[in-house]
Amino acid sequence: QVQVLESGGGLVQSGGSLNLSCTTSVYDFKNTAMNWFRQSPGRERELVAGISWAAGIIKYGESVKGRFTISRDNAKSTVFLQMNNLKPEDTAIYFCNVRVMGQHYWGQGTAVTVSS
């Protein structure tokens with residue numbers, strides 16, 4: 001079974017920062033695309049950021065562009081999401097998505113709460 005594990009969530013004040021990590025046991029991490037999604041009550045799941053296996057393609061949701069940075073360490077099979085200048089609307093459960101060979105794997109999520 002492929003394991004996907006997120007960490008780094010927590011409670012911060014507006015303007016604060018968090019660094020999320022996602023480590024996976026996928027057999028061929030080099031060829032994976034890694035994505036961060038988030039979901040909160042009353043809202044549909046949305047893409048936060050994504051990165052290709054070679055980091056040649058990076059994308060961000062419009063609401064986080066300029067504030068969040070996605071990166072990956074292929075040697076450690078890990079993807080990171082550095083979140084700066086957090087806002088209350090960033091409050092959500094953040095999920096790590098791993099895509100490889102047409103298959104999608106998900107972590108259980110890590111909670112981010114931003115107080116106003």
Side-chain angles (χ1 to χ4, degrees):
Q1 181 180 358
V2 173
Q3 303 292 323
V4 181
L5 180 62
E6 306 98 331
S7 63
L11 172 64
V12 298
Q13 288 186 307
S14 296
S17 298
L18 286 172
N19 187 23
L20 306 185
S21 299
C22 173
T23 299
T24 181
S25 65
V26 67
Y27 58 89
D28 193 4
F29 187 78
K30 175 183 177 181
N31 293 312
T32 64
M34 306 289 291
N35 303 286
W36 287 97
F37 289 84
R38 68 186 182 187
Q39 189 167 26
S40 60
R43 297 184 179 183
E44 295 184 350
R45 184 181 64 184
E46 64 175 335
L47 175 67
V48 178
I51 186 169
S52 64
W53 72 271
I57 302 175
I58 296 176
K59 57 185 177 182
Y60 296 98
E62 289 297 323
S63 64
V64 307
K65 191 173 298 182
R67 299 187 297 121
F68 293 7
T69 302
I70 189 171
S71 62
R72 63 191 292 165
D73 184 341
N74 290 345
K76 297 181 178 180
S77 299
T78 301
V79 62
F80 304 94
L81 184 67
Q82 178 64 46
M83 306 188 295
N84 297 323
N85 192 24
L86 285 161
K87 304 175 181 180
E89 51 263 44
D90 295 318
T91 296
I93 306 298
Y94 285 71
F95 297 92
C96 180
N97 166 262
V98 181
R99 181 179 182 273
V100 57
M101 300 299 291
Q103 301 294 316
H104 293 262
Y105 304 95
W106 296 85
Q108 64 181 358
T110 185
V112 172
T113 302
V114 185
S115 62
S116 60

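These numbers come from a predicted model, not from an experiment.
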Visitor: Using a cut-off of 6.0 Å, state whether more than 12 heavy atoms not belonging to R67 lie near its atom CZ.
Guide: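 More than 12 within 6.0 Å, yes.
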
Visitor: Between S21 and W36, which heavy-atom pair has the shortest distance, and what is it?
Guide: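 Heavy atoms only, the tightest pair is O-CH2, 3.7 Å.
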
Visitor: side-chain contact (heavy atoms from CB on, under 4.5 Å), that's the test. Do N97 and M34 meet it? Break it down for me.
Guide: CA-CA 6 Å; N97 166 262; M34 306 289 291; over 6 Å; no

Visitor: Output the distance between atom CD (Q108) and atom CZ (F95), rounded to the nearest 0.5 Å.
Guide: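 Separation between the atoms: 9.0 Å.
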
Visitor: Would you say the side-chain atoms of T78 and T23 include a donor-acceptor pair closer than 3.5 Å?
Guide: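 Note: T78 and T23 side chains meet the donor-acceptor criterion.
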
Visitor: In Å and rounded to the nearest 0.5 Å, what is the OG to CG distance from S7 to L18?
Guide: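 Atom-to-atom, S7:OG and L18:CG are 11.0 Å apart.
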
Visitor: Evaluate the side-chain proximity of T24 to V2: yes if any heavy-atom separation is below 4.5 Å, no if none is.
Guide: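 Yes; the side chains approach each other to less than 4.5 Å.
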
Visitor: How far apart are the C-alpha atoms of C96 and V79, what are their side-chain angles, what is the distance that settles it, and do they pass the side-chain contact (heavy atoms from CB on, under 4.5 Å) test?
Guide: CA-CA 9 Å; C96 180; V79 62; 4.0 Å; yes

Visitor: Quick check on the hydrophobic clustering: are I58 and F80 connected, directly or via other members, by side-chain heavy-atom contacts under 4.5 Å?
Guide: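 No, I58 does not connect to F80 through the hydrophobic network.
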
Visitor: Enter the distance from R38:CZ to I93:CD1 here, rounded to the nearest 0.5 Å.
Guide: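 Result: 12.0 Å between the selected atoms.
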
Visitor: Nearest 0.5 Å, please: how far is CD in Q103 from OG1 in T32?
Guide: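 The OG1 atom of T32 sits 13.5 Å away from the CD atom of Q103.
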
Visitor: Relative to each other, are the rings of F37 and W106 parallel, tilted or perpendicular (30° and 60° limits)?
Guide: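 Rings of F37 and W106: tilted, as their planes differ by 30° to 60°.
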
Visitor: Examine the side chains of N84 and S17 and answer whether a donor and an acceptor come within less than 3.5 Å of each other.
Guide: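 Side chains of N84 and S17: pair found under 3.5 Å.
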
Visitor: I need the L81 CG to N35 CG distance, nearest 0.5 Å.
Guide: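 Going from CG on L81 over to CG on N35, the span is 11.0 Å.
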
Visitor: Do E89 and S63 make a side-chain contact, defined as non-hydrogen atoms from C-beta onward lying under 4.5 Å apart?
Guide: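 Not in contact.
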
Visitor: So, do M83 and L20 sit near enough that their side-chain heavy atoms are less than 4.5 Å apart?
Guide: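 In short, these two side chains touch, coming nearer than 4.5 Å.
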
Visitor: Is there a donor-acceptor pair closer than 3.5 Å between any side-chain N or O of S52 and the backbone N or O of I57?
Guide: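 Pair found, side chain donor or acceptor close to backbone of I57.
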
Visitor: Write down the atom of E6, the atom of G107, and the distance for their closest heavy-atom approach.
Guide: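 Looking at all heavy atoms of both residues, the shortest contact is OE2-CA, 3.2 Å.
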
Visitor: Determine whether V12 and T113 make a side-chain contact, defined as any pair of heavy atoms from C-beta on separated by less than 4.5 Å.
Guide: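 Side-chain contact under 4.5 Å: no.
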
Visitor: Output the distance between atom NZ (K87) and atom OG (S116), rounded to the nearest 0.5 Å.
Guide: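 So the gap between those two atoms works out to 13.5 Å.
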
Visitor: Would you sort out whether Y105 and V100 count as a side-chain contact (heavy atoms from CB on, under 4.5 Å), showing the intermediate values?
Guide: CA-CA 8 Å; Y105 304 95; V100 57; 3.8 Å; yes

Visitor: Are a donor atom and an acceptor atom from the side chains of S77 and R72 found within less than 3.5 Å of each other?
Guide: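 There is no such pair between these side chains.
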
Visitor: Counting only N and O atoms by type, is there a donor-acceptor contact under 3.5 Å from the side chain of S25 to the main-chain atoms of Q3?
Guide: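 Indeed, once roles are kept as given, a pair shorter than 3.5 Å links the two residues.
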
Visitor: Dump the intermediate steps for side-chain contact (heavy atoms from CB on, under 4.5 Å) on F68 and I70, then the final yes or no.
Guide: CA-CA 7 Å; F68 293 7; I70 189 171; over 6 Å; no

